[in-house]
Amino acid sequence: MNKHSAAIVASAVSVASSIMLAARRPAVFGLRLPRLALAAVAAIALAVAANESVGKPVMFLRWSYVRFLFGLRHMGATWQVGDGREQALADYVCAHARRNDIDDVIRAIDEFCYTKSYLINIGDEKGRILDRAVTAARPRRLLELGTYCGYSALRMARVMPADAVLYSIEFNAANAAVAQRIWDHAGVGDRIVVIVGTLGDDGKTLRALRDDHEFSPGALDFAFLDHEKDEYLPDLHRILEQAWLRPGAVVVADNVKYPGAPEYRAFMRRHEGTRWATREHRTHAEYQKVLKDLVLESTYLG
Ligand SMILES: C[S@@+](CC[C@H](N)C(=O)[O-])C[C@H]1O[C@@H](n2cnc3c(N)ncnc32)[C@H](O)[C@@H]1O
């Protein structure tokens with residue numbers, strides 16, 4: 001929905017709710033409505049309309065964010081919002097970013113998220129923390145859990161050494177296809193390998209990494225966790241059981257505060273100075289400055 005139609009729909013909802021509020025017995029199709037709920041709908045719709053009309057400065061009042069919240073159930077099952085915004089992102093990038101220009105593709109994705117539709121990428125603010133961690137670690141083999149539309153993978157590919165390869169694991173094949181289209185447009189499609197699966201799928205993906213991609217003890221220099229939050233710790237244990245991490249390898253985890261991965265954080269705190277050394281980066285959730293988040297950067301001590 002574009003800026004004007006979202007503002008018009010929200011204004012109409014607000015006006016309709018206000019008119020009903022003025023009635024003695026507010027009702028829709030004979031159904032009596034509680035006044036408090038009507039007042040809340042009118043106020044929210046008015047706020048959304050005003051926010052859309054002045055260029056969407058407040059993320060939480062953007063129609064695209066409200067629509068995202070309505071799509072949370074769909075998101076929980078499929079990891080897509082349900083209105084086609086992930087495919088729309090790939091179309092937008094191909095139309096608005098210069099081919100083979102990774103900086104311009106990252107710019108176009110952030111632009112899409114700020115001005116068109118909100119997406120659950122790591123985003124620009126936390127992305128810079130990830131950039132610095134990869135730059136400092138100089139990894140040759142990287143593993144990402146949670147590709148989504150390929151944004152964080154692009155950021156890592158931009159700063160990793162020229163001979164490095166990033167392996168990205170994604171649960172949803174449709175997301176993997178969106179990411180591959182964007183990477184190809186950015187000219188890095190041959191430096192990132194996407195594998196559809198999960199580390200918890202009865203050994204299938206673990207085997208593929210071992211047998212087809214030469215994952216072996218000590219071969220992994222860097223891991224980025226940004227998938228199902230309850231799977232951070234179980235998947236870290238799966239990686240540790242394979243002994244893939246070399247001492248000195250770095251593991252970065254997004255969203256540790258919001259939505260939150262408390263068990264993962266507690267694990268890192270318990271092993272601080274013995275098996276892990278962790279820096280906690282205080283930051284904000286993606287594409288806004290209100291919700292606080294934490295990114296953990298942990299060095300494996302062996
Ligand atoms: C927050 S998004 C990742 C965002 C991406 N890292 C970025 O910043 O551009 C989470 C992604 O993880 C995927 N996912 C969820 N559970 C997973 C699992 N157990 N293993 C791998 N991917 C998973 C979802 O399908 C979704 O695409």
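Nothing here was measured: the structure is a model prediction, and the numbers come from that model. As the structure lists them, so they are numbered: ligands from 1, and atoms in each ligand from 1.
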Could you give me the CA-CA distance, side-chain angles and deciding distance for S117 and S64, then say whether side-chain hydrogen bond (donor to acceptor under 3.5 Å, both in side chains) is met? CA-CA 5 Å; S117 291; S64 119; 4.7 Å; no

Hey, does [X] come in under 3.5 Å of ligand 1, counting only N/O atoms on both sides?
X    : value
D226 : yes
T78  : no
G146 : yes
I122 : yes
K229 : no

Taking all atoms of both residues into account, what is the closest heavy-atom pair of P139 and A164, and its distance?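 Nearest pair, atom of P139 first, then A164: O-CB, 3.3 Å.
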
Please give me the minimum heavy-atom distance between V252 and L130, naming the atom from each residue.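 Distance-wise, the nearest heavy atoms are CG1-CD1, 4.1 Å.
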
Which bit of D254 gets closer than 4.0 Å to ligand 1, counting heavy atoms only: side chain, backbone, both or neither?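 Near ligand 1, D254 shows nothing, with every heavy atom at 4.0 Å or more.
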
Any idea which part of N175 is under 4.0 Å from ligand 1, heavy-atom wise: side chain, backbone, both or neither?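 The part of N175 near ligand 1 is the side chain, not the backbone.
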
For a ring pair (Phe, Tyr, Trp, His ring centres under 6.0 Å) check, start with the C-alpha distance between H227 and Y232, then their side-chain angles and the critical distance, and finish with the verdict. CA-CA 7 Å; H227 57 317; Y232 279 20; 5.4 Å; yes

In the protein, which heavy atom is nearest to [atom], and how far is it?
atom                    : answer
atom 22 (N) of ligand 1 : F171 N, 3.3 Å
atom 25 (O) of ligand 1 : E170 OE2, 2.5 Å
atom 9 (O) of ligand 1  : S152 N, 3.1 Å
atom 1 (C) of ligand 1  : I120 O, 3.4 Å

Under a 3.5 Å threshold, yes or no: a donor from one side chain and an acceptor from the other, between [X] and [Y]?
X    : Y    : result
Q180 : D184 : yes
D110 : Y151 : yes
E144 : S152 : yes

Using a strict 4.0 Å cut-off to heavy atoms of [X], name the atoms of ligand 1 that fall inside it.
X    : result
E228 : 15 (C), 16 (N)
N121 : 7 (C), 8 (O), 9 (O)
E144 : 6 (N)
Y151 : 9 (O)
I169 : 21 (C), 22 (N)

Who are the ring pair (Phe, Tyr, Trp, His ring centres under 6.0 Å) partners of H96, not counting sequence neighbours?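 Listed in chain order: Y92.
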
Non-hydrogen atom of [X] closer than 4.0 Å to ligand 1:
X    : result
G197 : yes
T147 : yes
Q80  : no

Would you please test F68 and D83 for side-chain contact (heavy atoms from CB on, under 4.5 Å) and show each step? CA-CA 9 Å; F68 166 77; D83 60 359; over 6 Å; no

Salt-bridge present (K126, E286; N to O < 4.0 Å):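 Yes.
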
Under the salt bridge (charged side-chain N to carboxylate O under 4.0 Å, His left out) rule, what pairs show up with a residue in residues 194-219, not counting sequence neighbours?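 Not a single pair qualifies under salt bridge (charged side-chain N to carboxylate O under 4.0 Å, His left out).
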
In a check of salt bridge (charged side-chain N to carboxylate O under 4.0 Å, His left out) between R155 and each of D103, D226, D131, which one passes?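 Going through D103, D226, D131 one by one, the salt bridge (charged side-chain N to carboxylate O under 4.0 Å, His left out) with R155 is satisfied by D131 alone.
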
